[in-house]
Amino acid sequence: MSGWDAYLDPGERVLWEGAPSARLFLLHKADIVLVPFSLLWMGGVLIAAPTMVFGNTALFVKFFGLFFLAVGAYAVIGRFLIDFLIRRRTRYALSSRRAFIATSAFGRSLSELPITPELQVHLKDGRLGSVTLGEPRGINAKSPFDVWQGTDGSFTFRAIDTPSEVYALVRQIKKGGME
């Protein structure tokens with residue numbers, strides 16, 4: 001009995017289970033812009049913050065400096081740690097009818113998507129890849145954190161070891177060959 005059984009319909013079975021990569025730092029396409037921007041931000045903050053926080057300034061200016069320091073710390077390091085925490089507590093599954101993403105990083109959530117003939121699958125090149133089921137959201141991310149995490153909020157099995165295997169399995173399910 002797997003942990004997915006409670007979510008399956010009669011006659012439905014799990015065909016694949018997986019999880020995102022456990023690597024601490026995982027770069028995304030958005031990091032081409034985010035890494036230089038965050039380093040420039042943090043550099044500016046480190047130059048200005050000592051004067052703002054420890055200088056003879058108003059209390060509001062001190063908080064303002066600490067706020068910008070916190071944002072810079074998140075942009076440089078914190079977002080990678082949050083992404084790692086989310087990936088460590090995320091599991092994926094493909095059943096004979098649906099795809100599932102379960103996470104327990106900040107509360108428990110379960111997302112599911114039926115596998116239908118018009119489903120699109122997007123595969124990254126390389127050994128570690130991602131499979132997006134359905135339409136990628138592009139700029140229309142679920143939250144601002146999706147952008148900072150390098151995701152767009154799409155229904156995606158991110159950073160999996162066997163993207164080609166999952167892609168082939170989704171294609172087989174779409175053809176109706178796994179029922």
Side-chain angles (χ1 to χ4, degrees), residues 1-35 37-38 41-42 45 63 66-116 119-124 128-163 165-167 169-170 173:
M1 181 171 209
S2 76
W4 300 100
D5 290 341
Y7 306 106
L8 300 177
D9 293 334
E12 187 176 15
R13 60 191 170 94
V14 172
L15 304 171
W16 174 85
E17 291 182 66
S21 170
R23 289 191 302 193
L24 180 58
F25 292 102
L26 197 61
L27 295 175
H28 307 285
K29 248 193 282 188
D31 287 321
I32 292 170
V33 173
L34 293 176
V35 168
F37 174 79
S38 63
W41 177 286
M42 196 61 171
V45 168
F63 284 122
L66 290 173
F67 171 76
F68 276 93
L69 186 62
V71 170
Y74 174 78
V76 172
I77 295 292
R79 65 192 182 92
F80 292 106
L81 297 176
I82 297 290
D83 181 52
F84 175 70
L85 175 68
I86 291 169
R87 284 185 287 113
R88 275 191 63 211
R89 305 199 41 106
T90 298
R91 297 294 175 263
Y92 305 130
L94 274 177
S95 78
S96 51
R97 298 180 192 149
R98 296 177 285 168
F100 297 94
I101 299 175
T103 187
S104 59
F106 303 105
R108 294 176 160 241
S109 73
L110 176 71
S111 300
E112 66 175 73
L113 185 70
I115 297 177
T116 60
L119 186 66
Q120 293 185 8
V121 177
H122 301 274
L123 184 66
K124 274 188 176 178
L128 190 66
S130 298
V131 177
T132 299
L133 299 112
E135 281 292 321
R137 291 197 176 137
I139 299 175
N140 302 321
K142 286 183 189 175
S143 75
F145 288 106
D146 287 335
V147 175
W148 279 102
Q149 296 307 121
T151 66
D152 65 4
S154 299
F155 195 95
T156 301
F157 294 162
R158 292 186 329 117
I160 56 176
D161 289 329
T162 57
E165 174 187 317
V166 173
Y167 172 75
L169 189 56
V170 169
I173 295 167

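We're numbering straight along the sequence, starting at 1. Keep in mind it's a predicted model, so treat the numbers as computed, not measured.
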Distance only, no hydrogens: is a donor on one side chain within 3.5 Å (strictly under) of an acceptor on the other, for Ser104 and Arg89?
yes
Less than 4.5 Å apart, any side-chain heavy atom of Val131 and any of Tyr92?
no
What is the distance from atom CG of Leu15 to atom CZ of Arg97, rounded to the nearest 0.5 Å?
11.0 Å
Restricting to non-hydrogen atoms, name the atom on Ala105 and the atom on Thr103 that form the minimum distance, rounded to 0.1 Å.
N-OG1, 3.5 Å
Approximate separation, where rounding is to 0.5 Å, of Ser96 OG and Leu8 CG:
7.5 Å
Just so I know, are the side chains of Phe84 and Phe25 near enough to count as touching, which here means a heavy-atom distance under 4.5 Å?
no
Atom pair OG1 (Thr156) and CG (Leu113), whose distance is rounded to the nearest 0.5 Å:
10.0 Å
Start with the C-alpha distance between Leu24 and Leu81, add both sets of side-chain angles, then the distance that settles side chain to side chain contact (heavy atoms under 4.5 Å, CB included), and finish with yes or no.
CA-CA 7 Å; Leu24 180 58; Leu81 297 176; 4.0 Å; yes
All heavy atoms of Phe155 vs all of Ala99, minimum pair found to be CZ-O, 3.4 Å
Would you say the side-chain atoms of Ser95 pair up with the backbone N or O of Arg98, donor to acceptor, closer than 3.5 Å?
yes
Go through Ile82 and Phe106 one step at a time and tell me if the side chain to side chain contact (heavy atoms under 4.5 Å, CB included) criterion holds.
CA-CA 10 Å; Ile82 297 290; Phe106 303 105; 4.2 Å; yes
Any Lys/Arg nitrogen of Asp83 or Arg23 sitting under 4.0 Å from an Asp/Glu carboxylate oxygen of the other?
no
At what distance, to the nearest 0.5 angstrom, does CG of Leu110 lie from CD1 of Ile101?
9.5 Å
Distance, nearest 0.5 Å, that separates CZ of Phe80 from CG of Leu27
5.5 Å
Intermediate values then yes/no, salt bridge (Lys or Arg N to Asp or Glu O under 4.0 Å), Asp31 and Arg79:
CA-CA 11 Å; Asp31 287 321; Arg79 65 192 182 92; 2.7 Å; yes
Suppose we call two aromatic rings close when their centres sit under 6.0 Å apart. Are Trp16 and Phe100 close by that rule?
no
Using the side chain to side chain contact (heavy atoms under 4.5 Å, CB included) rule, take Leu26 and Arg87 through it: C-alpha gap first, then chi angles, then the decisive distance, then the call.
CA-CA 10 Å; Leu26 197 61; Arg87 284 185 287 113; 3.7 Å; yes
Ala93 to Trp4 - nearest heavy-atom pair and separation
CB-CE2, 3.4 Å
Between CD1 on residue Ile115 and CD1 on residue Ile173, distance to nearest 0.5 Å
4.0 Å
One pair to check against side-chain hydrogen bond (donor to acceptor under 3.5 Å, both in side chains): Arg158 and Ser130. What are the steps and the verdict?
CA-CA 4 Å; Arg158 292 186 329 117; Ser130 298; over 6 Å; no
Do you know the tightest heavy-atom contact between Phe68 and Trp41?
CD2-CZ2, 3.0 Å
Got a salt bridge between Arg91 and Glu17, using NZ or NE/NH1/NH2 to carboxylate O under 4.0 Å?
no
